[in-house]
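Shown next, in structure tokens, is the structure this report addresses.
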Amino acid sequence: MTATTEKKPPAHAAPRPKGIAALKPHTTTLMVVGGVLTLLGSFLPWATFVLNKGPYPAQATLQNFTAPLASSGFRLHLVLFGIAAIVVALVKRIPARHRIARALGYGTIAVSVINGLWITVEGGGLGAITASEGSVAFGAIVALIGGIVLALASRVGDLEPVPEIGWKFNRWVEWLILLVVIVLLLLLVAAVLTSGGFGATATYAGAVFLSFLAALGGFLGALHAAGLLGWVNALFDRHRGYAVILLLVAALCLPLTSAGTEYWMTVATNIGVYAATAIGLNIVVGLAGLLDLGYVAFLGIGAFVAANLSGAAASAVGIHLPFPLVMVIAAVIAGIFGAIVGSPTLRVRGDYLAIVTLAFGEIFVRSAQNNIGGLTGGSNAIPGIPPVEAFGIGFDQALRIGPVSLPRGVLYYFLIVLLVAFVMAVFANLKYSRLGRAWIAIREDEDAARAMGIRTGPVKILAFLIGAMLAGLAGAIFAHKTATVSYESFRFLESVTLLAAVVLGGMGTIPGAVLGASILFILPEKLREFADYRLLLFGIALVLIMRYRPQGLVPDAHRRAELVEEPEPIDTGGDKPTTREAVAP
Amino acid sequence: MSAPTTTSTVLAASGVTMQFGGLRALNDVSFSLNEGEIIGLIGPNGAGKTTLFNCLTGLYTPTSGTVSFRGEPLPGDPALVTETGVARTFQNIRLFPSMTAEENVLVGRHVRMKQSPLSSLLHGPGFRRSEREARERAAELLEFVGLRRVTDELARNLPYGDQRRLEIARALATEPSVLLLDEPTAGMNAAETENTRQLILKIRETGISVVVIEHDTKFIFTLCDRVLVLVQGELLVEGTPDEVRGDPRVVEAYLGAPPEQVEAQIHEAQEAEEAADHGAPGEKQLGGSS
Amino acid sequence: MSILMSQIVNGLILGSLIGLIALGYTMVYGIIQLINFAHGEVFMVGAYGAVGTATFVLPTAVTTQWWFLLPIMIVIGALVSMVVAILMERFAYRPLRNAPRLAPLITALGVSVALQEAVRVFYPEATAAIPFPSIFIPGALVLPIGDGVPIQYSGILIVVVALVLAFALNTFVEQTRLGRAMRATAQDRDVARLMGINPDRVIVLTFALGGALAGVAGVLYGNFYNFINIDMGFQNGIFAFTAAVLGGIGNIRGAVVGGLAIGLIKSLAGQYLPGGGAYDYVWIFVVLIAVLVFRPQGFFGETERVRA
């Protein structure tokens, strides 16, 4: 800044703005143009012919002949984006207009690229989305340009900070709002799960699902930009107890929605198992900062303990204990192993600790593969684990309560929802306690933590112990649900996946671990066309996340500041503890 | 200012020697700290001042010699030393950067809080009471050091002077009888330094004995009851500020030594500390601040 | 007696291979304190690159002569691995040079999974083990001990090549200008920069050298075992990491000695310890844990830490 105080330099002295900055006076026009193009794109045909595997969803091919204005599926999403963009462009009172336009633009780009690519690949070339045999289908291209123009407009204009909305209402009104939000959330989850269907009949499930996710991302991004998500978040904080109960009830209501089929109950139960395990891992990695690369072993120990105590014919122990007792035993044994695996933390830190845990994990897998002590069934696994029973009902049965009939697997789903809720409560309560603060202090600076009187050894082992117990609980349910427990479910790659779920979701947060586990376990279900590429994409995704969004999707309020780009922190006067450690005696 | 006339010794070092490989960072250092006393520890860069602090707080185990607290030998573990009643700050501020100011102080309450893992899990009435008490105490301490207004700020976002004071508040939260301050005014301007001086005097009024490492001799001479001069790991002079200021050995060895000689001392001592700092290669922290 | 001897021979052969891979680990860790998990996959990729060239590119006439094929395969394996290692450094690790330590480690895991899967998906029939052509004198030298202890010629090749390359690397690091630049960068990157050394270039060089050695190891591995599969990278990578730690990470001679020790432990434990061959991996992991816990500086790491 120069020392002059005049606000505007004389016009002739101002350097001509270069590149896209020259468009600055026209941002509103750009936004309107982008919105109109998006709308236009949604009404144009998207494919020149019916694809080999059947017509592309949302009447992409034929719509302009039969019902030019009846939009559905991704075309409807684009219509909404287009209208929203035009509204945002014209109503200047809306705060953070450019930020909203950016989210809308990115959403439009993602939706048009996903659908356009799919049609190109499945339909056999660019002709499918441009012109072929006399028909034209520029929908994808027009919408893509619309999205790019929107994003460009937001880039040219100044990005405003996310506004903070301070609306406060009567308590009952706020409760009502929360209720509506949570019901919407439930319906949204059901819609995401079931979008595009599944199995052999759902030809374009992957495309529909991804497109839906992209649209949802754009939509939520716009809400966030407008400050509405932050406001809802504040509502949650104000009525935490109420909101938590509502969420739990909503989760238990999922079987009543369109996702209430046996298939989706199974998928949701599997997600729950891994989400619970991931939250346990989050205690070790996210709170205490101890990287564990063999964590899935604790899930395995819980599962094998349960399998051996289930009365399954193939188990060596051959006794049958009641399930609640089995869960306790599984948790205790997993916890003991957790403490053993954690004990090297007394001497080993950082990367080396990660390797130690990896080694323990490998020892577990190798031993299980070799049927150690006859307890794991080796390569034959332990099959035929009977379902959990309570009140004379097998948990694998369908359920009928009055007029409501619930699909098979719903009881396991209820069980796992309760477990996840329990694990979340454990995580949250510990995080905001003396113990949780001690973990975070150790993560931040171990020597300073010791100087504050924290006996770091026992505290770190406790992190491993509690995390392992939670995984052991999940393992017990897992064993009964899948009926067969094999060492193959607990390989190194599973540990990496769990870690990825924690990292993707956001370290140290609960919604993060659940979201991460959900994404990592739904995507393979949805993208069966890419089954072969699953792990390849997974590996690449890990690299990209670390590079572009290391704080994860739901960053911890504390770590957000730490991981997001920002100006250099205040000089703290010398070496940071990470680069040079004092020697522990 | 006059030293309170007390005679009981709180903290005593006798014959503390610290050897790093072939280098002797501390050689036969003995001193004692009386109840309610403020002692200044001065000396050229790398004379072993911080090494002495590390020996006093259990971070290093002295090669020979003992450190005792109210007549009992101090345990060789920093956590237990803190529990016994000796707290410290660090030369390079070592707050928990991603925690708020309040949380940093709450970590300091760790040893004075009773919460079993089970009650942490259940958040029962006992737990809530102890949390409330800890928060009240933290608020008092933040008020005491003048940081109440930044209670919910992340430590890493605080200005430099506030970070130093937060570190002091965090150390005070452990309810120490002895407070060891390692360069509490480094990098501060005159006004901040004066604030810190007042703060330390205020801390002494609460009955806590203080040892301060500082380069700013004016600060030390106006604050302390007694001053120790450490040169090349040896306790060269000990006495009141006036005695030390006039002592020709101090002038020669510390204040007026030919530059090259001082540099050589610095170099040697730094090497010694570095040798000590070379931990095993795995001993690096994970995912911590960077 | 001859069983013991032949197990020792096996151990030394495997150990030389592991040592060769461990050099890459130890150099990279020495310079940027990164456990490059994907290094094992670099070794695997080298083997596949070489066998792919021999199968799909080279004319059959060439592939029948081992003395012609051997050098070609080794060079190709080294080149493929080197390129992969350089790309990996450039696009995965370099952007994270100053990130919290967890980030590069997770990235390394991601690179490892991606490389392994890329080979599985894109290399023809890589879902199962594929045969590796014999590129050296077949048969074995039989030592006249007990019932006779056979030593495969391809095994002798491994030991000789590994020792020669390790020696050459040691000489390079200790006596050339570039080697000094590497050591300076390992000691203190910022000071090295002040001295006019470009740390980025030195780091790339480190990855390239480590990658090339791993590629050579991949080709020798295929030639010795006659089969390669996509899991070979992960397993041997872990062994090599163990070896690097055992020898004192950052120490070139240590890596070789550590490799030999791991080879011997694996073959002798498989023969003599309870559980037999099924548990030989377990014993290596036990050694790994014990070393990390009780002697993390390794057996050559204390007195002089000659970092890469």
Side-chain angles (χ1 to χ4, degrees), chain A residues 285 289-291 347-356 425-426 428-430 432-438 440-457 462 466 507 556 558-562 569-585, chain B residues 54 57-61 76-80 82-83 87-88 90-100 103 106-111 113 115 117 120-123 127 130-131 134 154 156-160 163 170 174 186-187 276-290:
Chain A
V285 181
L290 307 162
L291 187 52
R347 298 178 55 102
V348 184
R349 287 186 191 181
D351 296 357
Y352 278 24
L353 180 64
I355 299 295
V356 168
V426 168
N429 280 0
L430 288 182
Y432 298 102
S433 76
R434 173 177 178 268
L435 184 59
R437 283 189 297 267
I440 298 175
I442 288 172
R443 177 189 83 194
E444 299 279 307
D445 187 335
E446 187 160 347
D447 287 319
R450 288 204 303 166
M452 288 301 109
I454 295 169
R455 299 185 202 187
T456 52
L462 208 53
I466 293 174
M507 283 202 289
D556 191 359
H558 289 175
R559 290 179 78 89
R560 196 174 347 219
E562 185 183 347
I570 302 124
D571 178 29
T572 48
D575 266 0
K576 294 294 279 180
T578 34
T579 51
R580 190 163 291 169
E581 295 281 320
V583 177
Chain B
N54 288 344
T57 53
L59 203 58
Y60 295 164
T61 310
D77 176 342
L80 298 179
T82 308
E83 209 174 323
R88 73 174 292 183
F90 292 88
Q91 182 180 352
N92 313 317
I93 301 174
R94 292 179 77 167
L95 291 164
F96 306 116
S98 310
M99 296 174 104
T100 64
E103 285 170 331
L106 285 175
V107 172
R109 295 295 302 158
H110 186 87
V111 284
M113 286 173 86
Q115 276 178 17
S120 304
L121 216 61
L122 299 176
H123 279 207
F127 169 87
S130 87
E131 279 292 290
L154 293 187
R156 71 198 310 274
N157 294 338
L158 294 179
Y160 186 76
Q163 293 199 10
R170 187 182 66 175
T174 66
D277 281 353
H278 264 276
E283 293 205 334
K284 302 234 164 154
Q285 232 168 9
L286 167 78
S289 53
S290 66

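Letters A, B, ... are given to chains in the order of the sequence lines, protein chains preceding strands, and every chain is numbered from 1. What you see below is based on every heavy atom in this structure, not just the backbone, and it leaves out hydrogens, waters and symmetry mates.
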Subject >> chain A contacts, top residue of B:Met113, B:His123, B:Arg109 (heavy-atom pairs, under 4.5 Å) >> reply: B:His123
**OP:** Just give me the residue among B:Leu122, B:Leu106, B:Thr174 that pairs up with chain A most often, heavy atom to heavy atom, under 4.5 Å.
**Re:** B:Leu106
Given heavy-atom pairs under 4.5 angstrom as the criterion, report whether the side chain, backbone, both or neither of [X] touches chain A.
| X | answer |
| --- | --- |
| B:Arg170 | both |
| B:Leu80 | side chain |
| B:Glu131 | side chain |
| B:Thr57 | neither |

Original post:
With sequence neighbours left out, what residues match A:Ala438 under side-chain contact (heavy atoms from CB on, under 4.5 Å)?
Top reply: A:Ile454, A:Val459, B:His110
Subject >> For A:Val426, all residues meeting side-chain contact (heavy atoms from CB on, under 4.5 Å), sequence neighbours excluded >> reply: A:Phe422, A:Leu430, A:Ile466, A:Leu470, B:Leu121
Original post:
Relative to chain B, which segment of A:Ala354 carries a heavy atom at a distance below 4.5 Å: side chain, backbone, both, or neither?
Top reply: neither
**OP:** Please look at A:Ile355 and chain B and tell me whether the side chain, the backbone, both or neither of the residue comes under 4.5 angstrom of a heavy atom of that chain.
**Re:** neither
Subject >> Nearest non-hydrogen partners of A:Met452 and B:Thr82, listed with the distance >> reply: C-CG2, 3.7 Å
**OP:** Kindly give the heavy-atom pair with the smallest separation between B:Phe127 and A:Ser433, and that separation in Å.
**Re:** CE1-CB, 3.6 Å
With rounding to the nearest 0.5 Å, note down the distance linking [atom1] in [X] to [atom2] in [Y].
| X | Y | atom1 | atom2 | value |
| --- | --- | --- | --- | --- |
| A:Arg434 | B:Ser130 | CZ | OG | 9.0 Å |
| B:Ile93 | A:Asp445 | CD1 | CG | 12.0 Å |
| B:Met99 | A:Arg437 | CE | CZ | 7.0 Å |

**OP:** Before accepting this row, confirm whether a basic side-chain N of the pair A:Glu444/B:Arg156 lies closer than 4.0 Å to the acidic partner's carboxylate O.
**Re:** no
